[in-house]
> 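Pasting in a structure now, in structure tokens, and then I'll have a few things to ask.
In this chain, numbering begins with 1 at the start of the sequence shown.
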Amino acid sequence: MASVIRLYVDHPLVAGQSVPLTVEQSHYLFRVMRKGVGEKLEVFNGVDGEWSAEIIQAGRKSGILRCRNMSRPLLLPPDLWLMFAPLKKSRSNFLVEKATEMGASQIMPIKTDFTNLERIRQDSLQSQAVEAAEQCGGTYVPSVLDLQKLSNVLDVWDDRKIMFCDETFAGNTVDLSHSPGPWAILIGPEGGFSTAERKRLGEMAQVHRMALGPRILRAETAAIAALTLWQSNMGDWE
């Protein structure tokens, strides 16, 4: 049985609604996937759930769909942010893809004292999140923010709890099950956190230091491990 094509669209979705396709979506549907007028697919916009749609116009660089009926309601992820120091392009893409699949509600690239990259392609990472949601069956796409300094983020931090993944905390664990509420996971760069950053985080009541095992993990591996740990204790996997 062929898998159903799913597309994220930046357009309201209701029964009978016409949905214009972008040039890229039209190329994918009509040139790559060889779809034509009358064929069906699923669409979602991160707000209105998933809808069955029919192709009513197909061109070389444009196309139009028509919504038929809702196939699934919107399923929001847990209120969990992922903050990470950006990596090389392919590894950052991988991290955003997996964070989307695993249910992060917002993804925040952060610049720490030891972060090597000075800038990111926020639009490219957002596209990666969209593609991941299309592939994994999600009806929600996490927003990927632009790069921000960790110190600036902490300056305006509210009461959201922070799971601070600290490689120097090996051998110690924290029980998250008794700490409900919104959370953020903080993953550092390959060089770890600076002494000043550790001091500041250690002085925040919202911060819970957490070890991810006895071995030093690559940043993208640490993110997956931390998301798994949080989801298994506090998330929507049950």
> With a 3.5 Å cut-off and sequence neighbours excluded, list the donor-acceptor pairs that the side chains of residues 43-54 form with protein atoms.
{"from": "N45", "atom 1": "OD1", "to": "V47", "atom 2": "N", "distance (Å)": "2.9"}
{"from": "N45", "atom 1": "OD1", "to": "D48", "atom 2": "N", "distance (Å)": "2.8"}
{"from": "N45", "atom 1": "ND2", "to": "H11", "atom 2": "O", "distance (Å)": "2.9"}
{"from": "N45", "atom 1": "ND2", "to": "D48", "atom 2": "OD2", "distance (Å)": "2.7"}
{"from": "D48", "atom 1": "OD2", "to": "L13", "atom 2": "N", "distance (Å)": "3.1"}
{"from": "E50", "atom 1": "OE1", "to": "S71", "atom 2": "OG", "distance (Å)": "2.9"}
{"from": "E50", "atom 1": "OE1", "to": "R72", "atom 2": "NE", "distance (Å)": "3.4"}
{"from": "E50", "atom 1": "OE2", "to": "R6", "atom 2": "NE", "distance (Å)": "2.8"}
{"from": "E50", "atom 1": "OE2", "to": "R6", "atom 2": "NH2", "distance (Å)": "2.9"}
{"from": "E50", "atom 1": "OE2", "to": "R72", "atom 2": "NH2", "distance (Å)": "3.3"}
{"from": "W51", "atom 1": "NE1", "to": "D48", "atom 2": "O", "distance (Å)": "2.9"}
{"from": "S52", "atom 1": "OG", "to": "E42", "atom 2": "OE1", "distance (Å)": "3.4"}
{"from": "S52", "atom 1": "OG", "to": "E42", "atom 2": "OE2", "distance (Å)": "3.0"}
{"from": "E54", "atom 1": "OE1", "to": "R68", "atom 2": "NH1", "distance (Å)": "3.3"}

> Side-chain contact test, heavy atoms from C-beta onward, threshold under 4.5 Å: evaluate it for L154 versus I162 and give yes or no.
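Heavy-atom side-chain distance check passes, below 4.5 Å.
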> Output a table of donor-acceptor pairs, distance under 3.5 Å, between side-chain atoms of residues 195-203 and any protein atom two or more places apart or on a different chain; print 'none' if there are none.
{"from": "E197", "atom 1": "OE1", "to": "S194", "atom 2": "N", "distance (Å)": "2.9"}
{"from": "E197", "atom 1": "OE1", "to": "S194", "atom 2": "OG", "distance (Å)": "3.4"}
{"from": "E197", "atom 1": "OE2", "to": "D113", "atom 2": "N", "distance (Å)": "2.7"}
{"from": "R198", "atom 1": "NH1", "to": "D166", "atom 2": "OD1", "distance (Å)": "2.4"}
{"from": "R198", "atom 1": "NH1", "to": "D166", "atom 2": "OD2", "distance (Å)": "3.2"}
{"from": "R198", "atom 1": "NH2", "to": "E167", "atom 2": "OE2", "distance (Å)": "3.0"}
{"from": "K199", "atom 1": "NZ", "to": "E203", "atom 2": "OE2", "distance (Å)": "2.6"}
{"from": "R200", "atom 1": "NH1", "to": "S151", "atom 2": "O", "distance (Å)": "3.3"}
{"from": "R200", "atom 1": "NH1", "to": "D155", "atom 2": "OD1", "distance (Å)": "3.2"}
{"from": "R200", "atom 1": "NH2", "to": "D155", "atom 2": "OD1", "distance (Å)": "2.5"}

> Using 0.5 Å steps for rounding, measure from the OG atom of S62 to the NE2 atom of H27.
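It comes to 14.0 Å.
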> Are there more than 12 heavy atoms of other residues, nucleotides or ligands under 6.0 Å from atom CG of N69?
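Check passes, neighbour count above 12.
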> In Å, rounded to the nearest 0.5 Å, how long is the span from CD1 of I107 to OG of S92?
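So the CD1 of I107 and the OG of S92 are separated by 10.5 Å.
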> For I120, which of L145, D146, V144 qualifies under side chain to side chain contact (heavy atoms under 4.5 Å, CB included)?
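It is D146, the one option of L145, D146, V144 that forms the side chain to side chain contact (heavy atoms under 4.5 Å, CB included) with I120.
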> Would you say M33 and L21 are hydrophobically clustered, going by side-chain heavy atoms of ILVMFWY under 4.5 Å?
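Yes, same cluster.
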> Under 4.5 Å between any side-chain heavy atoms of V14 and Q17, yes or no?
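Yes; the side chains approach each other to less than 4.5 Å.
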> Let me check something: any side-chain donor-acceptor pairs from residues 80-89 under 3.5 Å, sequence neighbours excluded? List them with distances.
none

> Is the closest side-chain heavy-atom distance between R209 and M163 below 4.5 Å?
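Heavy-atom side-chain distance check fails, nothing below 4.5 Å.
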> May I ask you to decide whether E118 forms a salt bridge with K111, counting only side-chain N to carboxylate O separations under 4.0 Å?
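Judged by the 4.0 Å cut-off on N to carboxylate O distance, E118 and K111 do form a salt bridge.
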> Between CG of L212 and CD1 of I185, what distance do you get to the nearest 0.5 Å?
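Going from the CG atom of L212 to the CD1 atom of I185 covers 9.0 Å.
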> Begin from the C-alpha positions of I110 and L186 and carry the test side-chain contact (heavy atoms from CB on, under 4.5 Å) through to its verdict.
CA-CA 9 Å; I110 55 167; L186 174 58; 3.2 Å; yes
> ring-ring contact (aromatic ring centres under 6.0 Å, His included) with F30: which residues, sequence neighbours excluded?
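Per chain and number, F30 pairs via ring-ring contact (aromatic ring centres under 6.0 Å, His included) with no residue.
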> I'd like to know if the side chain of S232 and the backbone of L229 have a donor-acceptor N/O pair within less than 3.5 Å.
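Side chain of S232 to backbone of L229, a donor-acceptor pair under 3.5 Å: yes, one is there.
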> Has Q25 got a side-chain atom pairing as donor or acceptor with T22's backbone, closer than 3.5 angstrom?
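Flag set: sc Q25 to bb T22 pair under 3.5 Å.
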> For a 4.5 angstrom cut-off between non-hydrogen side-chain atoms, does R218 reach R91?
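With C-beta onward as the side chain, the pair touches.
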> Any side-chain heavy-atom pair from P78 and W183 closer than 4.5 angstrom?
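The answer is no, as the side chains (C-beta and beyond) never meet within the 4.5 Å cut-off.
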> Output the distance between atom CG (D79) and atom CD (Q106), rounded to the nearest 0.5 Å.
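With rounding to 0.5 Å, CG (D79) is 9.0 Å from CD (Q106).
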> Could you walk me through whether I224 and L217 pass side-chain contact (heavy atoms from CB on, under 4.5 Å), step by step?
CA-CA 10 Å; I224 294 172; L217 305 178; over 6 Å; no
> Please check if M204 and V153 belong to a single hydrophobic cluster, counting links between Ile, Leu, Val, Met, Phe, Trp and Tyr side chain heavy atoms closer than 4.5 Å.
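Hydrophobic grouping puts M204 with V153.
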> Please check if atom CD in E190 has more than 12 non-hydrogen atoms from other residues, nucleotides or ligands closer than 6.0 Å.
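Not more than 12 within 6.0 Å, no.
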> Of all heavy-atom pairs between S18 and I56, which one has the smallest distance, and what is that distance?
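Result for this residue pair: OG-CD1, 4.4 Å.
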> Check whether any side-chain heavy atom of L41 sits under 4.5 Å from a side-chain heavy atom of L29, and report yes or no.
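L41 reaches L29 side chain to side chain.
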> Working note: Y28 + I5, criterion side-chain contact (heavy atoms from CB on, under 4.5 Å); need CA distance, chi angles, decisive distance, verdict.
CA-CA 10 Å; Y28 171 71; I5 293 175; 4.0 Å; yes
> Is there a donor-acceptor pair under 3.5 Å between the side chain of Y140 and the backbone N or O of L74?
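Between the backbone of L74 and the side chain of Y140 there is no qualifying donor-acceptor contact (under 3.5 Å).
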> Got a second to check how far C67's SG is from L65's CG, nearest 0.5 Å?
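The SG atom of C67 sits 7.5 Å away from the CG atom of L65.
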> Given F164 and H208, is the side-chain contact (heavy atoms from CB on, under 4.5 Å) satisfied, shown in steps?
CA-CA 6 Å; F164 171 31; H208 300 255; over 6 Å; no
> Check whether K61 reaches the backbone of G59 with its side chain - one donor and one acceptor, N or O, closer than 3.5 Å.
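No; zero donor-acceptor contacts below 3.5 Å.
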> Provide the closest heavy-atom pair for I187 versus A219 in the form atom of the first, atom of the second, distance.
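The pair with the smallest heavy-atom distance is CG2-O, 3.7 Å.
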> Using only atom types and a distance under 3.5 Å, with no angle test, would you say the side chain of Q206 pairs donor to acceptor with the backbone of D158?
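Side chain of Q206 to backbone of D158: a pair is present.
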> Identify each donor-acceptor pair in which a side-chain atom of residues 97-104 lies under 3.5 Å from a protein atom, sequence neighbours left out, and give them as a table.
{"from": "T100", "atom 1": "OG1", "to": "V96", "atom 2": "O", "distance (Å)": "2.9"}

> How many angstroms lie between OG in S26 and NZ in K35, if you round to the nearest 0.5 Å?
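So the OG of S26 and the NZ of K35 are separated by 15.0 Å.
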> Q148 versus M108: any side-chain heavy-atom pair under 4.5 Å?
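Sidechains of M108 and Q148: in contact.
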> Side chains of I64 and V19, heavy atoms from C-beta outward: is any pair under 4.5 Å?
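No, side chains not in contact.
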> Distance-only, no hydrogens or angles: does the W157 side chain make a donor-acceptor pair with backbone N or O of R160 under 3.5 Å?
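The answer is yes, because a donor-acceptor pair under 3.5 Å joins these two groups.
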> For V23, which fellow cluster members are found when Ile, Leu, Val, Met, Phe, Trp and Tyr are connected by side-chain heavy-atom distances below 4.5 angstrom, either directly or through intermediates?
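Same cluster as V23: nobody, lone residue.
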> Side chains of T112 and T115: donor-acceptor distance under 3.5 Å anywhere?
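Indeed, the side chains of T112 and T115 share at least one donor-acceptor pair under 3.5 Å.
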> Please check if the side chain of Q126 supplies one atom and the backbone of P142 the other of a donor-acceptor pair under 3.5 Å.
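Yes: the side chain of Q126 pairs with the backbone of P142.
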